[in-house]
Amino acid sequence: MVITRFAPSPTGYLHLGNARTAIFSYLFARHHKGKFILRIEDTDRERSTKEFEDMLIEDLKWLGLEWDEFYRQSERFEIYKEYAQKLIESGHAYPCFCTLEELEEERKKAEERGVPYRYSGKCRVLSREEVEVLKRENKPYTIRFKVPDNTMVVFEDLIKGHIAINTDDFGDFVIVRSDGTPTYNFVVVVDDALMGVTHVIRGEDHIPNTPKQILIYEALGFKVPAFVHLPVILGEDRSKLSKRHGAVSVRNYREEGYLPEALFNYLCLLGWSSPEEGREIYSKEEFIKIFRLEDINSSPAIFNKEKLKWLNGVYIREVVSLERLVDEFIPFLQKAGYEADREYVRRVLQSTRDSFETLKEGVDRLKPFFVEEVSYSEEAISVLENETSRIVLEAFLQRIEDIDLTQEKVKEIAKEIQKELKIKAKDIWHALRASLTGKLEGVGVDILCSILPKERIKKRILRALQLYS
RNA sequence: GCCCCCAUCGUCUAGCCAGGUCCAGGACACCGCCCUUUCAAGGCGGAGAUCGCGGGUUCGAAUCCCGCUGGGGGUGCCA
């Protein structure tokens, strides 16, 4: 059975790159009817917080991911301790009493001489007696993994292919900190092995860690899983997507009014392309059905907000159901301080959902449907100040009195006014638009009139008349 | 510095593994036209890549090989 996992550390909001990694892991597991695990990697107690963990989980759920098992590394320290002990006993690891300062010194020296830095292995040769003495003196120590000299560690990455790295490139590394907490490269192996993870899917920034981990798998007698290193997501300037590129967390996009399905879909399109050439819109279920690792591109992709936005627009106007759209839209309305009953919102969106690309943009564009009174732009005011506008508005008011306003009816009335009063169509619509929306651009006036309660229409026109004619 | 990864329109990509059907296809963005009461949306069309560069191999290379360059990542008692 295929088992994959997503293993974020709760040190910030869910990053787009991580979200994509999670999605691919999830899709791969579901495609193979396997298991998907969520594991919180909070071994770094300094930087990890419960708040971020909660946010991470919330955002993952919002994206539509569900997991079959959940773990938190901070609750598994006993297990790691046990395996660290095993490694020491089998001679694969040893205590290291070097201080941070000593190591810094070594590093600096290496740099000065222009040679790649590796831990010297000073403590590797300490005798059992020396270790006992130092321990008795209560000297703090880390535990280091003993890395064999000049050995090629080789693995077949399912995306990158054959990768070979020489152990001399890294040297003995720390697996347990001096405060007793285990480090990433060590716990990730213990957990993946114990949890039966078959495919380790993660960002390519982990490639250099992989040989270290393979060495631990082997030392512990665990089966080495398959590795899948996803290309990273880059910002416009081709450097790794990060905070300085602006909105980079799932949360940001959620708050901007992006639909989870659209973000999910877009993230999948970064680096993955459908075997059905040309098709880009897929539901989660469809993705699960056709997702294959072979279709993942091995080069990094630049995140393009424009395309995400376009895709979100596609979802808003034609993919999600009206009811879902209403559900998603209402919180944004409320946040903007507008109130409206569900049925009204439903009617508004039914005829306007094809004209905006994010929910936030939608709220802005549909303002005239939800506010009591509008405020006028300079251009709108200058239109309203025209004599023609006054005539149009008065004529319109007169004619809507006993009529049930539909889009067609509004157009009819406009035509009547055009004919009878010899006023250009453009001027009629301009006047109506200016008085009803306070602007010269936006939703169709006929649509607005067919949905906005007549009392409000009258009130707005009257007010415009009062103020500017 | 050292190690590793990557390289097709501005961007995401198809094609590359199994060389000819590719003077390179699609999507976003861009430009133009149409629709139209405005702005969007939509429809139609256009421009945009000598496939990073240089060598090979071959009758033939985006596709195979070598070198170079460029970009990215890693180089932690972070993950």
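Chain naming here is simple, since letters A, B, ... match the order of the sequence lines and numbering starts at 1 in each. What's counted below: heavy atoms across the whole structure, side chains too, no hydrogens, waters or symmetry copies.
At a cut-off of 3.5 Å, with distance as the only test, a side-chain donor of A:Glu276 or A:Tyr282 sits close to an acceptor on the other residue. With 3.5 Å as the limit, one finds a donor-acceptor pair spanning the side chains of A:Arg365 and A:Ser355.
Here, B:rA40 and B:rU69 have their C1' atoms 45 Å apart, quoted to the whole Å. Atom name P, nucleotides B:rU13 and B:rC6: the rounded distance is 14 Å, in whole Å. Here the separation of B:rG43 from B:rA61, taken at their C1' atoms, is 40 Å to the nearest Å. Rounded to whole Å, the C1' atom of B:rA18 lies 24 Å from the corresponding atom of B:rC23. The same atom, C1', is picked in B:rG48 and in B:rA27; the two are 14 Å apart, to the nearest Å. Here the separation of B:rC30 from B:rG76, taken at their P atoms, is 45 Å to the nearest Å. Using P as the reference atom, B:rU58 and B:rC22 are 26 Å apart when rounded to the nearest Å. Comparing the P positions of B:rC65 and B:rC5 gives an interatomic distance of 15 Å, to the nearest angstrom.
Counting any heavy atom pair closer than 4.0 Å across all strands shown, A:Asn209 reaches a base atom. A:Thr43 comes within 4.0 angstrom of the backbone, heavy atoms only, and of no base. Heavy atoms of A:Ser299 sit under 4.0 angstrom from primed sugar atoms or phosphate atoms, though from no base atom. Across all strands shown, A:Leu103 has heavy atoms under 4.0 Å from base atoms, whether or not it also approaches the sugar-phosphate.
Comparing B:rG72, B:rC5, B:rC12 against the side chain of A:Val232 picks out B:rG72 as the nearest. Nearest nucleotide to the A:Glu204 side chain, out of B:rC5, B:rC28, B:rG73: B:rC5. Of the candidates B:rC5, B:rC12, B:rA79, the closest approach to any side-chain atom of A:Ala301 belongs to B:rC12. Checked against B:rG73, B:rC77, B:rU11, the side chain of A:Val174 finds its nearest nucleotide in B:rC77. You'll find that the side chain of A:Pro208 is closest to B:rG74, out of B:rG74, B:rC5, B:rA79. Of the candidate nucleotides B:rC12, B:rU37, B:rC3, B:rC12 has the atom nearest to the side chain of A:Ile302. Looking at the side chain of A:Lys411, the nearest of the listed nucleotides B:rU37, B:rC4, B:rC12 is B:rU37.
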Could you encode protein contacts along nucleotides 38-43 of chain B as a string, one character per nucleotide from 5' to 3', using B for base contact, S for sugar-phosphate-only contact and - for no contact, with a heavy-atom cut-off of under 4.0 Å? BBBSS-
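For the OP1/OP2 pair of B:rU11 and a distance below 4.0 Å, the side-chain nitrogens and oxygens of A:Arg238 include at least one atom meeting the criterion. Remark: A:Ser239 is not in phosphate contact with B:rG71, judged by side-chain N or O atoms under 4.0 Å from OP1 or OP2. Side-chain nitrogen and oxygen atoms of A:Lys240 include at least one within less than 4.0 Å of the OP1 or OP2 phosphate oxygen of B:rG74. In this model, the phosphate group of B:rG26 is not approached by any side-chain N or O of A:Arg279 to a distance below 4.0 Å at OP1 or OP2.
In summary, the aromatic rings of A:Tyr258 and A:Tyr266 are positioned with their centroids too far apart to meet the 6.0 Å limit. For A:His199 and A:Phe24, the gap between ring centers reaches or exceeds 6.0 Å.
Scanning for salt bridge (charged side-chain N to carboxylate O under 4.0 Å, His left out) contacts around A:Arg72 gives A:Glu53, A:Glu75, with sequence neighbours left out. With sequence neighbours excluded, no residue satisfies side chain to side chain donor-acceptor pair (under 3.5 Å) with A:Glu236. A search for side chain to side chain contact (heavy atoms under 4.5 Å, CB included) contacts involving A:Glu387 returns A:Arg390, A:Ile391, not counting sequence neighbours. For A:Glu280, the side chain to side chain contact (heavy atoms under 4.5 Å, CB included) partners are A:Leu269, A:Lys307, A:Trp310, not counting sequence neighbours.
One can find a donor-acceptor pair under 3.5 Å joining the base of B:rC77 and the side-chain atoms of A:Ser178.
Taking the side chain as every heavy atom from C-beta outward, A:Leu27 and A:Cys268 approach each other to under 4.5 Å.
Within 6.0 Å of CD in A:Glu82 there are more than 12 heavy atoms belonging to other residues, nucleotides or ligands.
The base-pairing partner of B:rC30, taking Watson-Crick or G-U wobble contacts with both distances under 3.5 Å, is B:rG46. A 3.5 Å limit on both hydrogen-bonding distances identifies B:rU75 as the Watson-Crick or G-U partner of B:rG1. In this structure, B:rC53 forms a base pair with B:rG67, meeting either the Watson-Crick or the G-U wobble geometry with both donor-acceptor distances under 3.5 Å.
Residues A:Glu102 and A:Thr99 share a closest heavy-atom pair of OE1-N, 2.7 Å.
For A:Glu306 and A:His206, each mapped to the nucleotide of RNA chain B holding its nearest heavy atom, the one lying further toward the 5' end belongs to A:Glu306. Where A:Asn166 and A:Ile296 meet RNA chain B, the nucleotide closest to each residue was compared, and A:Asn166 sits on the side nearer the 5' end.
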Determine, step by step, whether A:Cys123 and A:Arg144 satisfy the side-chain contact (heavy atoms from CB on, under 4.5 Å) criterion, reporting the C-alpha distance in whole Å, the side-chain angles of both residues, the deciding distance to 0.1 Å, and the verdict. CA-CA 9 Å; A:Cys123 297; A:Arg144 279 182 190 271; over 6 Å; no
Please write out each protein N/O paired with an N/O of nucleotides 15-24 of chain B under 3.5 Å, distance rounded to 0.1 Å.
none

